[in-house]
There are 4 protein chains.
Amino acid sequence: MSPRNPARDRQLREARTSQILDSALTVIARRGLSGTKVADIAETAGVSVGNVYKYFASKEDIFEALVHRGQQEYRDFVEEALAMSGSPVDKLVWYTEQWIAKREWAITILLQYARTSEAVPARLKQAVSAKFIDNLRPMAAIIEQGQQSGDMVPGDPMELALIYVSLMEGLTLHDIPDTPELTSGIADRALRLLLREH
Amino acid sequence: MSPRNPARDRQLREARTSQILDSALTVIARRGLSGTKVADIAETAGVSVGNVYKYFASKEDIFEALVHRGQQEYRDFVEEALAMSGSPVDKLVWYTEQWIAKREWAITILLQYARTSEAVPARLKQAVSAKFIDNLRPMAAIIEQGQQSGDMVPGDPMELALIYVSLMEGLTLHDIPDTPELTSGIADRALRLLLREH
Amino acid sequence: MSPRNPARDRQLREARTSQILDSALTVIARRGLSGTKVADIAETAGVSVGNVYKYFASKEDIFEALVHRGQQEYRDFVEEALAMSGSPVDKLVWYTEQWIAKREWAITILLQYARTSEAVPARLKQAVSAKFIDNLRPMAAIIEQGQQSGDMVPGDPMELALIYVSLMEGLTLHDIPDTPELTSGIADRALRLLLREH
Amino acid sequence: MSPRNPARDRQLREARTSQILDSALTVIARRGLSGTKVADIAETAGVSVGNVYKYFASKEDIFEALVHRGQQEYRDFVEEALAMSGSPVDKLVWYTEQWIAKREWAITILLQYARTSEAVPARLKQAVSAKFIDNLRPMAAIIEQGQQSGDMVPGDPMELALIYVSLMEGLTLHDIPDTPELTSGIADRALRLLLREH
DNA sequence: GATGAATGAGAGTTCATTCAT
DNA sequence: TATGAATGAACTCTCATTCAT
């Protein structure tokens, strides 16, 4: 028997948790929550079915953890864009390129499901919607900077942020792996919609 | 011989079919395909479970019929926009207002699911994607007219059509009944992205 | 409207009843009772499903009528063999040839099912078994005649009748349409088992 | 790693499989295939419904396994008769007594159903019929030995084997538990049909 | 902790029977 | 009387969850 090592135990536990969530993200995004079997998640994660339940109480619990993690990661990402050096337009360009590169289709589908499905508890739906609105703020801040520098179109920054994020999401949902309807230049083209003509 | 009236029978059959599809559209959009019980569809349609199977061979069959009908209705709608009298900008305005008014969220969710879910047969996925692209053409034609009249931004009309439709869809998915994140002016605001500044 | 004719009405009713029973016999023998849908019977009989219920109260009712008719027809047949002119051996030959010619596989299967299946009410099972035993008597009488004339093997005539009928049935069940394992001479060969060597 | 014992697991698996087949044999023989619920099989076997599906893909799959096992067991049985020491008549006597003692009614009913029902896939029907014919060979060999020793009636051994087996089956189907029409001496009497008078 | 066999509630689908026309 | 659409109970099969090892 190996000697107990609480720190290492916790670390292993977190690694397993992440591993299960990563697998769950992909399969749930591809098949929907009720279309995904716990056995699918377990298999993709390379663990046994029973073991999944050592880390999560239920399939719903996995979904909720997934949603929270996804929204937090997005928050970190958009704040990183806001905090970076460079002009507001540079920030927007970086955000857009990163979004495309990271292929956020999986979490986009999941969050859309979380906001719209009746199968999701109202409590969670409201939390997700509220967090989504809150997550628009860094983007709105970038847009506001762009308006002050005269580089971006006028209008309520929060509204413009919602429009831009919706557009990113809408485009993303047409660029799922294996169903590519997007040519590479389209996101670039979309970006320019926010910019003033000169 | 027969105590039935064949013409009336057929009429009733078509009415029932529509009734079931209408119900299915709403509940499947709200709960997902695998999250929806045939019993839910039946109850919403006000018919018995068994009777649903007189009209559709399976739940998947209902879904497929729904998708076909949805894409055809969209085609009719966008061609109506193209055919109407008035300037290209008028057509785009009408299209946008109608889209918002018709609250196309249900079919938007369904078609997104049809294009992206692994649970959907590849054959159907491809058909839906192809039809989606084809359905961009009338919108591209409107944009081309707008470019010729100097009212709309330059760029490949098909690309711009994809962007605009993606934006509509993205916004729609944030304006589901009971989860309204959209203020009334946002769609109007979005529309202006395609217009040239003067 | 045609004028009422009670005699003709009854005749038509009997014809319909026979027609339904004939269809039922074939399909139930081929698919089993619970494997047969009332719709199958109706379709084979060329009537509507609803109309079947004008003549029989239930599927079980059809089955019971079938069994009764089958056992009565067999009784008539074996009594005809007993009553015919000629030697006991001639009677047995005629009986055997007729049995083979009439291809009684359908009713044989049905009666076997009626006697052995738990799905059949005990009351009916007992009636069928009793009638089966009773129906052995004419055959036993033929055998007794054959023993008296010295042409048939000795032994209890009822036992020998049971053996011979079981053999006929056993052979019949290997000569179902589309599954012929029987060569034409086998029944003839079987017949000789009852005859004395000379 | 694994806390399981693979050898023991496999053993348990085989035991469960047999247990389910044994239960299935009895209930399907008594109620017919479509008259038998998987729940009946599960209950008789003392396992849960869901667990049955861990061992067999479908009810049809159980039926097929049952048929294969039954025909193989019969083959072993009849070959044992052929291989035993003693005269051909001794072999036939042993075979007959064993058949009666083993009360093969269940598998007899099942195989008859497999050969005759339209509900059984043609592929399986043909396989069963072919195996049935093949399984006649050891019996035919016994009869041939009996003919050579002058103890059995002349004739094509395969034909006589078919007749004898059909007779056994026919008698068996009149001696189902709870429907006994057979007196104990009848099988003995039947056996003598193949023997020459002296 | 790790495993996967076992459970049983629940979903899709069928079909005997009824009934409005 | 004849029809076949409508009903819903019952069946097959699935899968989230538990638990003995």
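Lettering of chains follows the sequences in order, A, B, ..., and the numbering in each one begins at 1. A quick note: this is a predicted structure, and the numbers were derived from the prediction, not measured.
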**Item:** B:Gln72: side chain to side chain contact (heavy atoms under 4.5 Å, CB included) partners, not counting sequence neighbours
**Value:** B:Arg75, B:Asp76, B:Lys131

**Fill in**
To the nearest angstrom, the CZ-P distance between D:Phe63 and F:dC13 comes to 15 Å

**Request:** Whole angstrom is fine here: how far is it from CD in A:Glu43 over to P in E:dG4?
**Result:** 11 Å

Name each donor-acceptor pair under 3.5 Å that joins a side chain in residues 45-56 of chain B to protein atoms two or more places apart or in another chain, with its distance.
{"from": "B:Ser48", "atom 1": "OG", "to": "B:Asn51", "atom 2": "N", "distance (Å)": "3.2"}

**Euclidean distance, D:Leu110 CG relative to D:Leu66 CG, rounded to 0.5 Å** = 5.0 Å

**Complete:** Within residues 16-27 of chain B, the residues having a heavy atom closer than 4.0 Å to DNA chain F are B:Arg16

**Prompt:** In whole angstrom, what separates C:Asp61's CG from E:dT18's P?
**Reply:** 12 Å

**Fill in**
B:Glu64 meets the side chain to side chain contact (heavy atoms under 4.5 Å, CB included) criterion, sequence neighbours left out, with B:His68, B:Arg123, B:Leu124

**A:Ser34: partners by side chain to side chain contact (heavy atoms under 4.5 Å, CB included), with sequence neighbours left out** = B:Ser34

**Request:** Could you encode protein contacts along nucleotides 8-15 of chain E as a string, one character per nucleotide from 5' to 3', using B for base contact, S for sugar-phosphate-only contact and - for no contact, with a heavy-atom cut-off of under 4.0 Å?
**Result:** B--SSBBB

**Item:** Base-paired stems that DNA chain F participates in, counting runs of 3 or more Watson-Crick or G-U pairs under 3.5 Å
**Value:** E:2-21 with F:2-21

**Request:** Not counting sequence neighbours, list each pair that qualifies as a salt bridge (Lys or Arg N to Asp or Glu O under 4.0 Å) and has a residue in residues 33-47 of chain A.
**Result:** A:Arg31-A:Asp40

**Request:** Kindly compute the distance separating OG1 (A:Thr44) from CD (A:Gln19), expressed to the nearest 0.5 Å.
**Result:** 11.0 Å

**Sequence neighbours excluded - salt bridge (Lys or Arg N to Asp or Glu O under 4.0 Å) pairs with any residue from residues 16-28 of chain C** = C:Asp22-C:Arg69

**Request:** Could you check how far CG of B:Leu12 sits from P of E:dA20, rounded to whole Å?
**Result:** 15 Å

**Item:** Sequence-distant partners of C:Glu60, side chain to side chain contact (heavy atoms under 4.5 Å, CB included), two or more places apart
**Value:** C:Leu33, C:Ser58

**Message:** To check you understand the geometry: which heavy-atom pair defines the closest contact between A:Gln112 and B:Ile109, and what is its length?
**Reply:** NE2-CG1, 3.8 Å

**Message:** Under the rule for ring-ring contact (aromatic ring centres under 6.0 Å, His included), what residues qualify as partners of D:Phe63, not counting sequence neighbours?
**Reply:** D:Tyr113

**Request:** Send over the distance from A:Tyr55 OH to F:dA16 P, rounded to a whole Å.
**Result:** 20 Å

**Request:** Would you indicate what D:Phe56 reaches in the nucleic acid, counting non-hydrogen atoms under 4.0 angstrom: base, sugar-phosphate, or nothing?
**Result:** nothing

